[in-house]
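Count residues from 1 along the sequence.
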Amino acid sequence: MPSVIVIGAGHAGIEAALACARMGVSTLLFTMSLDSVANLPCNPSVGGTAKGHLVYEIDALGGEMGFAADIATIQSRMLNTGKGAAVRSKRVQADRVLYTAHMKRVLENQANLRLVQAEVTAILTEEISDGRRAVRGVTACPGGDFFADAVIIASGTYLAGHTHVGTVQREAGPDNSLPANALSASLTEAGIPLQRFKTGTPPRIHRRSIDFDELEIQYGDTEIVPFSWRTDYDKLNAITQVPCHVTYTNADTHRIIHENLHLSPLFSGQIHGTGPRYCPSIEDKVVRFADKERHQLFVEPMGRGTDEIYLQGFSSSLPAEVQYKMLRSLPGFSHAEIMRYAYAIEYDCCDPRSLTATLETKAVENLYGAGQFNGSSGYEEAAAQGLVAGINAASKLLGLPPLVLGRSSSYTGVLIDDLVTKGTNEPYRMMTSRSEFRLLLRQDNAEDRLIEYGRIAGLVSEDRYRAFTERRARIEAEKERLSHVNVGPTALVNGVLTEAGSTPLSSGASLSDLLRRPQITYKTLAPVDPARPTLDSRETESVEIELKYEGYVRRQKDAARRMEKMDDILLPDDIDYAQIAGLRLEAAQKLAKIRPRTIGQAERISGVNPADVTVLMIWLSQKRG
């Protein structure tokens, strides 16, 4: 029986291990601590702008994160509801303890899967041909050597982890856990290029020390739309949501930060890793955005059974005493009690350009990377990569085709293509602006785009697939019905239109035509459409979005097909780019380093211009006669 070893039981490792085990491959999952499985060390939330899209995609492919997030939800909000459908993203506050407990229980009960607490200290490889090496297992402490047909590295921020709180520096993983110090040397020896990144987290405050009367309150949505189609809608909407709050920094906060910048490891040169551009520390924000009078901070509970409060937007590596001064300058925090100090953490990760589109390393066959080890940031980015790496590792061992998601198919495809093609010099964060086809990659149609892949991999059951096809049939039938139901300029119809701020009718129109108007929703038309069928809110949302944006979607699909045609043109693995006449030196060097799979991937490499792509196309056509 083929076997896989997964290193790390964070969000990437969990999805990778579950995918392998559920595909019938014997899987061994190592974690530094069984108490840190599925930990949420950075923030107690799942989803957010573009990240929510990833969670829906993970669920569509048969992953676990969306279902776990639904179970642990204490507040749910749909972001960007005032904007177009493409950028609406769901975000939930999660009960940290409940989320980790669910994931650990799922791992413990999964067939074909063993969960073991030990530190992996080395990758075992052997030469297979022409100097090329393949993975053969790992060395763990304790435990010794464990052999496997494939290994997936999902080390998170543990790899040579080093934390900073002012001048207090120590070798540590997240939440003061043990770091994985020995593995980096083994990876370098195996030919995996490593780089050094940094991230951070804010302090946790005791609830009793916060004056909530001074804060703005932020409630959840009245209707909770689940991440997962496995979730019981009524049960989820029966929960009592916990409110969050908002506060702001002020001139006094900024003064304290400026006066103590010399104590920040970020500015004193003690931190060498590159931090995330889109989630900087509070001291970095105050320096970079000196013109801003204040910065918004979100006051978020860590769960129902704890008094720990998370202060989103206030991550820092300043000394403990300075953290107190900064905190107590904030409205509502004049008596703040810190339960966990903010800290910055540096860690090793690979250069993702050393990976193929399947997330297999180029240097070592059957060795895969996922999550923050690949240079990304965020739970959702990690889980999406872990799922793809797990599917591909298992598929290769089982003799199945690989899963390579295109940029027009998913944000997961955009994420992986960006990493392996362009690389990253900072922790990569997914944003809707990174996609060329945002209107195609909406939350509401994640299953339409990806469930077939999950079914082929064996991660989506026939019952679930049948439910999907039935739902899809109801949506298509309703779109067809709306196109054939016509209404005239009656007092009722024009009254509904006028109340919605839309122009009254002077002649007949179909309900689908009316629904395409910006001011009109499916719910708006209910009084003039008494014969409509009973659909749930998720189905009516799909009907409305697909009709309203039909023309725009058609144009994006045409553009996507043009890109897919370029991605269908495969490049040989053994091209000597230096010998292609007319190819610029920079392009030849970049192409030789990344070794793209397709013409489409080649043209997305930084430093390869359209003229270089034309030269490649001519060379390829000549080679093929």
Side-chain angles (χ1 to χ4, degrees), residues 47-50 52-53 56 75-91 216-226 233 237 241 243 246 296 432-433 435 437-446 448 471 474-557:
T49 304
H53 292 70
Y56 277 103
Q75 188 192 94
S76 178
R77 293 179 64 226
M78 193 68 73
L79 308 182
N80 299 327
T81 54
K83 299 180 180 179
V87 295
R88 294 173 197 161
S89 296
K90 175 180 162 73
R91 181 180 188 268
E216 298 175 14
I217 196 164
Q218 191 176 67
Y219 295 105
D221 295 337
T222 54
E223 179 190 13
I224 305 178
V225 180
Y233 175 88
N237 276 274
Q241 296 191 58
V246 175
Q296 189 177 44
T432 54
S433 59
S435 172
F437 308 110
R438 285 180 289 177
L439 200 49
L440 301 182
L441 309 183
R442 307 183 310 275
Q443 287 186 154
D444 68 283
N445 69 353
D448 302 310
R471 177 183 71 87
R474 289 192 294 271
I475 292 169
E476 292 300 327
E478 179 61 354
K479 287 165 59 181
E480 181 70 14
R481 186 191 71 85
L482 290 171
S483 69
H484 288 95
V485 176
N486 294 294
V487 294
T490 65
L492 176 60
V493 170
N494 282 340
V496 168
L497 295 177
T498 300
E499 186 177 349
S502 188
T503 305
L505 290 177
S506 58
S507 60
S510 70
L511 291 181
S512 60
D513 286 337
L514 294 181
L515 191 53
R516 290 186 181 96
R517 295 186 178 190
Q519 309 90 345
I520 304 302
T521 65
Y522 187 81
K523 186 178 180 179
T524 303
L525 297 176
V528 300
D529 186 23
R532 62 175 44 182
T534 301
L535 301 177
D536 67 33
S537 60
R538 291 168 289 186
E539 292 167 349
T540 59
E541 179 190 29
S542 293
V543 168
E544 180 177 323
I545 291 172
E546 289 176 24
L547 283 175
K548 197 176 287 291
Y549 296 99
E550 190 173 41
Y552 300 101
V553 167
R554 190 182 302 116
R555 286 196 288 273
Q556 283 209 352
K557 283 184 175 178

Assess, by modelled atom type and distance only, whether the side chains of His53 and Ser89 contain a donor and an acceptor separated by less than 3.5 Å.
yes

What verdict does the side chain to side chain contact (heavy atoms under 4.5 Å, CB included) test give for Arg538 and Arg471, after you've listed the backbone C-alpha separation in whole Å, the side-chain angles of each residue and the deciding distance to 0.1 Å?
CA-CA 10 Å; Arg538 291 168 289 186; Arg471 177 183 71 87; 5.9 Å; no

Have Glu478 and Tyr522 got a donor and an acceptor in their side chains that come within less than 3.5 Å?
yes

Spell out, as yes or no, whether a donor-acceptor pair under 3.5 Å connects the side chain of Thr498 to the backbone of Gly495.
no

Who are the salt bridge (Lys or Arg N to Asp or Glu O under 4.0 Å) partners of Lys479, not counting sequence neighbours?
Glu476, Glu546

Listed by chain and number, what are the salt bridge (Lys or Arg N to Asp or Glu O under 4.0 Å) partners of Arg88, not counting sequence neighbours?
none

Heavy-atom nearest pair, Arg77 first then Gly220, reads CG-CA, 3.9 Å

Test salt bridge (Lys or Arg N to Asp or Glu O under 4.0 Å) applied to Asp529 - qualifying residues, sequence neighbours left out:
Arg481, Arg532

In chain order, what residues pass the salt bridge (Lys or Arg N to Asp or Glu O under 4.0 Å) check against Arg91, with sequence neighbours excluded?
Glu300

Smallest separation among heavy atoms of Ala85 and Tyr549, with atom names
N-OH, 3.7 Å

Non-hydrogen atoms of Gln519 and Ser502 that approach each other most closely:
OE1-OG, 3.6 Å

Look up atom CD in Glu541 and atom CG in Asp536, then write down how far apart they are to the nearest 0.5 Å.
10.0 Å

Take Ser76 and Lys90, measure what side chain to side chain contact (heavy atoms under 4.5 Å, CB included) needs, and give me the verdict at the end.
CA-CA 7 Å; Ser76 178; Lys90 175 180 162 73; 2.7 Å; yes

Separation between CG (Leu514) and CG (Leu547), nearest 0.5 Å, reads 11.5 Å

How long is the gap from CG on Asp448 to OG on Ser542, to the nearest 0.5 Å?
6.5 Å

Is Arg474 reaching over with its side chain to a backbone N or O of Pro533, donor-acceptor style, under 3.5 angstrom?
no

To check you understand the geometry: which heavy-atom pair defines the closest contact between Pro489 and Asn494, and what is its length?
O-ND2, 3.6 Å

Minimum heavy-atom distance between Lys548 and Ile520, given as atom pair plus value:
NZ-O, 2.6 Å

Taken to the nearest 0.5 Å, the spacing of Ile475 CD1 from Glu544 CD works out to 12.5 Å

Is Glu223 close to Tyr233 at the side-chain level, that is, under 4.5 Å between some pair of heavy atoms?
yes

For residues Leu482 and Leu515, report the shortest heavy-atom separation together with the two atoms involved.
CD1-CD2, 4.1 Å

Measure the shortest side-chain to side-chain distance between Gln241 and Ile224 over non-hydrogen atoms and say whether it is less than 4.5 angstrom.
yes

Measure the spacing between CZ of Arg442 and OG1 of Thr432 and express it to the nearest 0.5 Å.
14.0 Å

Residues 492-514 vs salt bridge (Lys or Arg N to Asp or Glu O under 4.0 Å), sequence neighbours excluded, gives Asp513-Arg516

Any Val528 side-chain heavy atom under 4.5 Å of Leu511 side chain
yes

For Thr521, what residues pass the side-chain hydrogen bond (donor to acceptor under 3.5 Å, both in side chains) criterion, not counting sequence neighbours?
Thr524

Could you grab the distance from atom CG of Leu441 to atom CD of Gln556, nearest 0.5 Å is fine?
8.0 Å

Side chain to side chain contact (heavy atoms under 4.5 Å, CB included) between Val553 and Leu440, worked out:
CA-CA 6 Å; Val553 167; Leu440 301 182; 3.7 Å; yes

